[in-house]
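Presented below is the structure to which this report refers.
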Amino acid sequence: MDRIVDLKREPAMVEQYVAIRNSYLDLLLTGPVTVAETREWLRKARVKVLGLAAGQNLLGAAILYLDRANEIAFFVKEPGKGVGTRLLEIVVDEARRSGLDKVWAWALKRNLPAQKSFEKAGFSKAGETTRTCGGRPEQGIEYRRLLSEKAAG
């Protein structure tokens with residue numbers, strides 16, 4: 001049976017989180033992090049990091065960056081098994097419970113599995129933008145999801 005874990009409350013999962021996250025450096029356009037850095041980030045940052053676990057095995061995690069205008073990112077241990085879409089549903093529910101009106105995300109154009117997960121989870125394409133990583137431009141798709149009628153009006 002899968003369960004939802006809050007990485008801020010379950011520090012035993014942080015090592016698995018770091019291993020999964022660091023396996024996606026190219027798609028996240030970021031550098032590697034350590035367990036110690038991640039623990040400090042979890043302690044200080046305005047983020048919610050929710051994972052899906054089977055027993056003590058972390059299947060993936062989704063991050064809600066409250067300090068980045070409610071941006072969402074996610075990554076999974078084994079793509080193609082529906083975990084990404086489920087994580088997005090979980091983090092969107094958390095955003096709604098937190099009183100947020102909308103969330104957004106950005107996925108590389110070449111990251112088709114992420115795009116598919118965002119679309120399955122009810123996100124709409126909002127346009128294409130470019131981010132720079134290591135001096136090279138990377139094309140991506142911005143996604144948005146409204147969480148309340150107030151945001152639509």
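- Distance check: I72 CD1 to L64 CG gives 5.5 Å after rounding to the nearest 0.5 Å.
- Other residues, nucleotides and ligands place no more than 12 heavy atoms under 6.0 Å from the NZ atom of K116.
- How far CG of D101 is from CZ of R145: 13.5 Å, rounded to the nearest 0.5 Å.
- The aromatic rings of Y17 and F75 are tilted relative to each other, their planes meeting at an angle between 30° and 60°.
- Residue V91 comes nearest to L50 through the heavy atom pair CA-CD1, 4.3 Å, listed as atom of the first residue, atom of the second, then distance.
- Between K125 and E119 there is a salt bridge, since at least one side-chain N of the basic residue sits less than 4.0 Å from a carboxylate O of the acidic one.
- Between the side chains of K48 and S98, a donor-acceptor pair is found at a separation under 3.5 Å.
- Pairing each heavy atom of A95 with each of V103, the nearest pair is CB-CG1, 3.8 Å.
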message: Using side-chain contact (heavy atoms from CB on, under 4.5 Å), reason through K77 and V83 one step at a time and then give a plain yes or no.
response: CA-CA 9 Å; K77 190 173 185 177; V83 174; over 6 Å; no
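- A 4.5 Å side-chain heavy-atom check between W104 and E142 finds at least one atom pair inside the cut-off.
- The pair R136-D26 meets the salt-bridge criterion, with a side-chain N (NZ, NE, NH1 or NH2) lying under 4.0 Å from an Asp/Glu carboxylate O.
- Proximity of K109 to I141: side-chain heavy atoms (C-beta onward) are separated by under 4.5 Å at one or more points.
- The distance from atom CH2 of W106 to atom CZ of R144, rounded to the nearest 0.5 Å, is 13.5 Å.
- The main-chain N or O of I20 is found under 3.5 Å from a side-chain atom of S23 such that the two form a donor-acceptor pair.
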- prompt: Can you check side-chain contact (heavy atoms from CB on, under 4.5 Å) on L7 and V14, steps first, answer last?
  reply: CA-CA 7 Å; L7 271 282; V14 172; 4.0 Å; yes
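- Nearest heavy-atom pair across A54 and D2 is CB-OD1, 3.7 Å.
- T34 OG1 to W41 CH2: the interatomic distance, rounded to the nearest 0.5 Å, is 12.5 Å.
- The two atoms that bring K8 and L42 nearest to each other are CE-O, 2.9 Å, heavy atoms only.
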query: Can you list the steps and then say if K81 with L59 is a side-chain contact (heavy atoms from CB on, under 4.5 Å)?
result: CA-CA 10 Å; K81 297 190 177 204; L59 305 174; over 6 Å; no
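- Considering CG of L108 and CD of Q139, their distance stands at 9.5 Å, rounded to 0.5 Å.
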- request: Could you go through the side-chain contact (heavy atoms from CB on, under 4.5 Å) check for F118 and L88 one step at a time?
  value: CA-CA 7 Å; F118 283 121; L88 289 171; 3.6 Å; yes
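- Comment: R39 does not engage E37 in a salt bridge, judged by the lack of any side-chain N to carboxylate O separation of less than 4.0 angstrom.
- Between N22 and P32, the closest heavy-atom pair is OD1-CA, 3.4 Å.
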message: Assess the residue pair E10 and R3 against the criterion (salt bridge (charged side-chain N to carboxylate O under 4.0 Å, His left out)); give the C-alpha distance rounded to whole Å, side-chain angles, the decisive distance to 0.1 Å, and a yes or no.
response: CA-CA 12 Å; E10 294 199 42; R3 65 185 179 93; 3.1 Å; yes
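- A 4.5 Å side-chain heavy-atom check between Y24 and T30 finds every atom pair outside the cut-off.
- Closest approach of N70 and L66 over heavy atoms only: OD1-CD2, 3.7 Å.
- Hydrophobic cluster membership differs between L58 and L25, with clusters built from Ile, Leu, Val, Met, Phe, Trp and Tyr side chains linked at under 4.5 angstrom.
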Criterion side chain to side chain donor-acceptor pair (under 3.5 Å) on R21 and T38, from CA distance to verdict: CA-CA 11 Å; R21 181 218 178 268; T38 301; over 6 Å; no
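- Using a 4.5 Å heavy-atom threshold, the side chains of L29 and E138 count as touching.
- Distance CG/L52 to CZ/F74: 12.5 Å, rounded to 0.5 Å.
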